[in-house]
Amino acid sequence: MSNPIQAVPVRHPGRWLAAAVILVLAAMLAHTLVTNENFHWDVVGRYLTTESILNGLKNTLILTALSMAIGIVGGIGLAVMRLSANPLMSWTAAGYIWLFRGTPVITQLLFWFYLGALFPRLGLGIPFGPTFVSVDTNSLIAPFTAALLGLGLNEAAYMAEIVRGGILSVEHGQTEAAEALGMTRARILRRIVLPQAMRVIIPPVGNEVIGMLKTTSLASAIGVSEILSQAQHIYFVNSRIMELLIVCAIWYLATVSVLSIGQFYLERHYAKGATSRALAPTPLQRLRAVLGTARSY
């Protein structure tokens with residue numbers, strides 16, 4: 001009787017070498033951060049929770065949430081228009097996407113901020129007829145409003161393509177089956193198409209939210225008091241430029257980390273209906289797998 005074959009785990013010396021290099025680089029970075037006196041960590045800690053920085057962070061989060069809300073709602077509408085059989089609707093949406101994706105965000109922010117130079121007053125009335133109500137443009141479009149319009153309307157163009165890709169990923173036969181049951185197009189979109197498209201839509205939307213959080217820093221160019229502008233106001237006085245920039249970086253990293261965790265679990269939730277692949281492991285499951293692999297050596 002022959003002896004049973006004993007399976008031997010495949011060795012991966014390259015992985016251990018790469019891990020060693022990464023650990024050495026990480027140790028060098030940690031040593032530099034601790035021993036380099038030019039970082040002035042005491043100054044960073046002092047300004048990390050000051051009232052002006054926290055107010056700027058609050059405004060950054062509010063601007064991010066409102067801009068993304070405008071972008072998501074507008075993007076869904078533009079995606080539906082883009083897929084419409086009506087050529088006027090489709091080409092209008094395509095023109096909007098072309099215009100807002102083709103110009104820089106900072107240009108759009110400045111355009112909305114200086115809109116009063118083109119239209120000193122904005123009014124409501126009959127087209128080509130009398131105006132019933134009019135207001136001063138500069139009074140109506142304050143810096144925060146200009147930032148909201150610039151960021152939200154720009155985001156809608158990108159969201160439109162993301163949502164359109166998600167809708168197209170759903171098999172058209174399901175739409176035809178729902179139409180055969182007498183469902184309206186709006187109900188089909190809401191109950192059949194979008195829930196299945198979310199698996200494709202959520203990952204890029206999560207990236208857009210994180211990108212929007214950082215893009216709000218451009219609003220400082222038009223006087224919006226977000227976290228970067230608050231840091232600039234402080235270091236213009238005390239010249240602690242690097243320390244205040246590190247404070248901003250810490251808050252950005254902390255917020256992005258929280259958003260990334262939320263994105264991960266949202267992706268897992270909407271991936272449950274997909275039978276083509278297993279659910280992504282949670283961080284705890286990954287840690288257990290790594291420890292199990294290390295023991296096998």
Side-chain angles (χ1 to χ4, degrees), residues 22-72 104-110 112-113 141-152 154-155 158 203-266 283:
I22 292 173
L23 289 175
V24 170
L25 293 176
M28 292 172 61
L29 176 61
H31 180 266
T32 300
L33 294 176
V34 172
T35 60
N36 191 337
E37 297 179 355
N38 293 324
F39 279 104
H40 299 290
W41 291 110
D42 57 327
V43 178
V44 173
R46 187 164 71 249
Y47 284 104
L48 192 63
T49 56
T50 57
E51 184 178 357
S52 58
I53 292 295
L54 293 179
N55 286 335
L57 177 63
K58 180 186 71 174
N59 291 336
T60 295
L61 296 176
I62 292 173
L63 187 58
T64 300
L66 294 178
S67 298
M68 284 305 304
I70 294 173
I72 291 173
V105 179
I106 187 65
T107 303
Q108 297 175 37
L109 289 173
L110 293 171
W112 289 109
F113 184 66
I141 304 180
F144 188 87
T145 307
L148 198 59
L149 289 171
L151 295 173
N154 177 267
E155 181 61 33
Y158 290 90
V205 169
N207 291 336
E208 290 295 312
V209 174
I210 292 172
M212 177 63 73
L213 176 73
K214 295 177 290 185
T215 305
T216 55
S217 61
L218 295 177
S220 62
I222 58 175
V224 177
S225 296
E226 44 77 54
I227 187 171
L228 180 61
S229 66
Q230 292 294 337
Q232 289 174 330
H233 293 159
I234 297 173
Y235 69 61
F236 285 155
V237 176
N238 62 12
S239 299
R240 296 288 190 177
I241 299 175
M242 296 305 297
E243 291 83 354
L244 269 301
L245 292 179
I246 291 174
V247 167
C248 291
I250 290 173
W251 278 118
Y252 277 124
L253 287 171
T255 310
V256 167
S257 299
V258 173
L259 292 174
S260 299
I261 293 171
Q263 177 186 351
F264 173 79
Y265 283 100
L266 269 178

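Computed from a prediction, not measured in an experiment: that's the story for all the values here.
Atom OH of Y47 sits about 14.0 Å away from atom CG of L54, to the nearest 0.5 Å. Between the CG atom in N59 and the OG1 atom in T216 there is a gap of 10.0 Å [rounded to 0.5 Å]. Here the OG1 atom belonging to T32 is positioned 11.5 Å from the CG atom belonging to N38, to the nearest 0.5 angstrom.
Between the Q263 side chain and the P203 main chain, a donor and an acceptor come within less than 3.5 Å of each other. Checking side-chain atoms of W251 against main-chain N and O of L48 turns up a donor-acceptor pair under 3.5 Å. Proximity of a side-chain donor or acceptor of W112 to a complementary backbone N or O of I141 within less than 3.5 Å is not detected. A donor-acceptor distance shorter than 3.5 angstrom exists from the side chain of N55 to the backbone of E51, with no hydrogens or angles considered. Between the side chain of T60 and the main chain of E226, no donor-acceptor pair closer than 3.5 Å is present.
You'll find the side chain of S220 reaches within 4.5 Å of the side chain of Q232, heavy atoms only. In this structure, L245 and L228 have side chains that are in contact, with non-hydrogen atoms separated by less than 4.5 Å.
Annotation for L244 and A231: closest pair CG-O, 3.9 Å, computed over non-hydrogen atoms.
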Verdict with reasoning, I250 to V44, per side-chain contact (heavy atoms from CB on, under 4.5 Å): CA-CA 10 Å; I250 290 173; V44 173; 3.9 Å; yes

